[in-house]
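Here the structure is laid out as structure tokens; the discussion comes afterwards.
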Amino acid sequence: MMTELLGLSRLLATETNVSDLLAFLTERDPSIWSDLLGVVPDSALREGRARTSNRADVQLLDEDEAVLAAVEVKLGHHLDGDQKAWYEETFGDETKLFLAALDADSVADAGLGERWTCLDLADLVGRWQHSEDVQAATFSTAMFQVLSAWSKSIAAVTRGHGEEAPAPLAQISQPFLGRVVTRVLREPVCKAGAAKALATVTSGGGNAILMAWLPVKGDDLRCSYIAEVRWKPATEEMALRFGLDYTDDGEEARKAVWQRAQAMTDVIRADRFSDQLTETDPKLAQLLKVKGSGRPSPKGDWDHVIRNGWSGAAVKGRNPGFWRDRAHRLEASVSIDLSRASGTDVVALLWSALKYLSEAKAA
């Protein structure tokens with residue numbers, strides 16, 4: 001991507017900013033919508049005024065302020081069922097519903113239903129490139145250049161092009177684009193078998209995280225196996241973590257997860273996971289860069305943390321012998337070779353780690 005467009009790229013990395021600019025393009029030249037709507041909208045309304053937490057990203061109105069169309073913008077392609085249902089219940093059949101996404105092919109494959117029209121986000125904003133309005137045409141050209149490059153990069157690492165296999169994730173170097181890719185991969189992780197998945201970012205650093213959970217069967221519903229990847233695209237680093245997670249963070253939960261982690265201490269190890277994966281999927285195992293157990297050495301009295309919480313004073317000088325998030329998530333960690341691993345490989349690794357933990361417990 002051209003470095004002179006880095007500033008615009010950062011702006012476009014946020015869906016609210018893309019929606020704002022789409023509304024701006026519409027305000028400058030609404031006639032561009034005529035091919036999609038059959039009429040020219042009179043105005044564009046950003047996020048509406050509905051008395052609910054839900055909002056349509058952009059509403060296209062006629063001169064009487066009736067809603068001609070509602071547009072949902074997604075950088076990651078997932079539109080959850082609740083949000084989809086809200087659109088369909090809020091807007092009547094006379095209102096056209098558009099989903100504008102970077103990964104439009106995956107959206108279309110998901111089957112949104114008859115009411116929805118899936119639009120490639122880059123192609124949509126690119127419709128203003130030849131507008132007679134100079135400002136709209138200028139913004140459109142720059143936005144199209146960035147978004148179309150992103151679309152190609154996302155497709156390359158998550159699906160591949162044509163008969164080509166998906167490309168290595170090392171091709172993604174911008175942190176904000178890494179966040180988009182993990183959002184795209186969230187749904188495939190759930191389809192692979194995870195009970196829940198979440199694409200989020202590290203606090204402060206803003207690097208991408210993709211987490212997946214599988215409940216511990218026949219046990220406390222608060223306890224789950226967890227597998228997550230933490231990605232730093234700028235330095236081509238990605239760590240796969242896997243272990244145990246409790247939804248609560250009280251003393252009881254800290255004690256429970258610690259006891260369970262001790263019982264699974266020979267399972268929550270990078271080398272053991274790698275050995276098992278080598279037997280079941282040797283090619284996938286080769287993507288891991290294993291260094292021993294993948295866990296830090298234990299230090300200090302962890303029972304003190306269980307009793308007193310995970311505050312800085314309580315944790316200082318103490319380590320349970322696992323990578324942790326607060327005191328209720330205990331994991332092992334192993335690096336992934338991003339020069340070889342694609343997005344589909346990451347999905348497979350997350351699911352493999354969850355299955356490994358679940359099957360080890362069952363055994």
Min side-chain heavy-atom separation Ile172-Val157 under 4.5 Å: yes
Counting distance only, does the side-chain N/O of Ser131 pair as donor-acceptor with the main-chain N or O of Asp133 below 3.5 Å? yes
Just do the side chain to side chain contact (heavy atoms under 4.5 Å, CB included) check on Leu61 and Asp42 with the steps written out, would you? CA-CA 6 Å; Leu61 311 179; Asp42 186 70; 5.7 Å; no
Taking all non-hydrogen atoms of both residues, which atom of Leu214 and which atom of Ala195 are closest, and how far apart? CD1-N, 4.1 Å
Give me the atom names and distance for the closest heavy-atom approach of Phe242 to Ala353. CB-CB, 4.0 Å
Of all the heavy-atom pairs spanning Leu22 and Val73, show the shortest one and how long it is. CD2-CG2, 4.2 Å
I want to check something: taking the side chain as every heavy atom from C-beta on, are Lys289 and Ile336 in contact at a cut-off of under 4.5 Å? no
For Trp213, check ring pair (Phe, Tyr, Trp, His ring centres under 6.0 Å) against everything at least two apart and list the hits. none
In terms of hydrophobic clustering (I, L, V, M, F, W, Y; side-chain heavy atoms under 4.5 Å; direct or indirect links), are Phe98 and Val39 co-clustered? yes
By side-chain hydrogen bond (donor to acceptor under 3.5 Å, both in side chains), Thr344 pairs with (sequence neighbours left out) Ser342
Is there a side-chain contact between Ile32 and Leu25 (heavy atoms, below 4.5 Å)? no
Check the hydrophobic clustering (I, L, V, M, F, W, Y; side-chain heavy atoms under 4.5 Å; chains of links allowed) and say if Val189 and Ile209 are grouped together. no
Is the shortest heavy-atom distance from the side chain of Leu210 to the side chain of Glu228 under 4.5 Å? no
Within-4.5 Å side-chain heavy-atom neighbours: Val125 and Phe139: no
For the backbone of Gly294 and the side chain of Trp323, can you confirm whether one donor and one acceptor N or O come within less than 3.5 Å of each other? yes
Residues that Thr235 engages under side-chain hydrogen bond (donor to acceptor under 3.5 Å, both in side chains), provided they are two or more places apart: Glu237
Enter the distance from Phe273:CZ to Leu288:CG here, rounded to the nearest 0.5 Å. 6.0 Å
Under a 3.5 Å distance rule, please check whether Arg115 uses its side chain to pair with a backbone N or O of Leu97 as donor and acceptor. no
All heavy atoms of Glu331 vs all of Ile268, minimum pair found to be C-CG2, 4.0 Å
same_hphob_cluster(Leu185, Trp231) at 4.5 Å side-chain heavy-atom cutoff: yes
Sub-3.5 Å donor-acceptor pair from the side chain of Asp62 to the main-chain atoms of Asp64, do we have one? yes
To which residues is Val134 joined in a hydrophobic cluster, defined by side-chain heavy-atom contacts under 4.5 Å among Ile, Leu, Val, Met, Phe, Trp and Tyr, whether direct or through other members? none
Indicate, with yes or no, if Leu284 and Val334 share a hydrophobic cluster defined by side-chain heavy-atom contacts under 4.5 Å among Ile, Leu, Val, Met, Phe, Trp and Tyr. yes
Evaluate Leu169 against Asp345 for side chain to side chain contact (heavy atoms under 4.5 Å, CB included), listing each step before the verdict. CA-CA 10 Å; Leu169 287 168; Asp345 292 323; over 6 Å; no
How far does CZ of Arg324 sit from CH2 of Trp258, to the nearest 0.5 angstrom? 12.0 Å
Just by modelled atom types, is the Val229 backbone N or O under 3.5 Å from a matching donor or acceptor in the Arg241 side chain? no
Heavy-atom count check: over 12 atoms from other residues, nucleotides or ligands less than 6.0 Å from Arg10 CZ? no
For a quick test of your reading: what N or O donor-acceptor pairs under 3.5 Å do the side chains of residues 315-322 make, sequence neighbours left out?
unit_1, atom_1, unit_2, atom_2, d
Arg318, NE, Asp301, O, 3.2
Arg318, NH1, Ala314, O, 2.9
Arg318, NH1, Lys316, O, 3.4
Asn319, OD1, Gly321, N, 2.8

Does the Ser333 side chain pair with the main chain of Ala239, one donor and one acceptor, at a distance under 3.5 Å? no
Report yes if some heavy atom in the side chain of Val216 is under 4.5 Å from a heavy atom in the side chain of Arg260; otherwise report no. yes
Between Trp128 and Ser140 (side chain of the first, backbone of the second, donor and acceptor by atom type, cut-off under 3.5 Å), is there such a pair? no
Quick one: closest heavy-atom pair of Leu354 and Ile226, and the distance? CD2-C, 3.8 Å
Qualifying residue for side chain to side chain contact (heavy atoms under 4.5 Å, CB included) with Leu12, from Val180, Leu102, Asn17, Leu147: Leu147
Rounded at 0.5 Å granularity, tell me how far CG in Leu287 sits from OG in Ser335. 12.5 Å
Please walk me through it: do Tyr356 and Leu277 pass side chain to side chain contact (heavy atoms under 4.5 Å, CB included)? CA-CA 8 Å; Tyr356 164 75; Leu277 195 59; over 6 Å; no
Under the ring pair (Phe, Tyr, Trp, His ring centres under 6.0 Å) test, residues paired with Phe144 that sit two or more places apart: none
Spell out, as yes or no, whether a donor-acceptor pair under 3.5 Å connects the side chain of Arg183 to the backbone of Lys74. no
Atom pair CD/CD1 of Gln259 and Ile306 - distance to nearest 0.5 Å: 7.5 Å
For Asn207, is there any backbone N or O sitting under 3.5 Å from a side-chain donor or acceptor partner on Thr202? yes
Tell me, do Val181 and Trp150 make a side-chain contact under 4.5 Å, heavy atoms counted? no
Note: Arg272 and Asp266 closest approach over all heavy atoms is NH1-O, 3.1 Å
Measuring from atom NZ of Lys291 to atom OG of Ser274, what distance do you get when rounded to the nearest 0.5 angstrom? 14.0 Å
Sub-3.5 Å donor-acceptor pair from the side chain of Lys96 to the main-chain atoms of Leu36, do we have one? yes
Would you say the side chain of Tyr225 lies within less than 4.5 Å of the side chain of Leu244, judging by non-hydrogen atoms? yes
Kindly determine whether Asp35 and Arg127 satisfy side chain to side chain contact (heavy atoms under 4.5 Å, CB included), including the steps that lead there. CA-CA 10 Å; Asp35 288 344; Arg127 287 171 175 262; 4.0 Å; yes
Can you tell me how far apart NZ (Lys152) and CD (Gln171) are? Round to the nearest 0.5 Å. 13.0 Å
Determine, using the 4.5 Å side-chain heavy-atom cutoff (strictly less than), whether Leu350 and Val201 are members of one ILVMFWY cluster. no
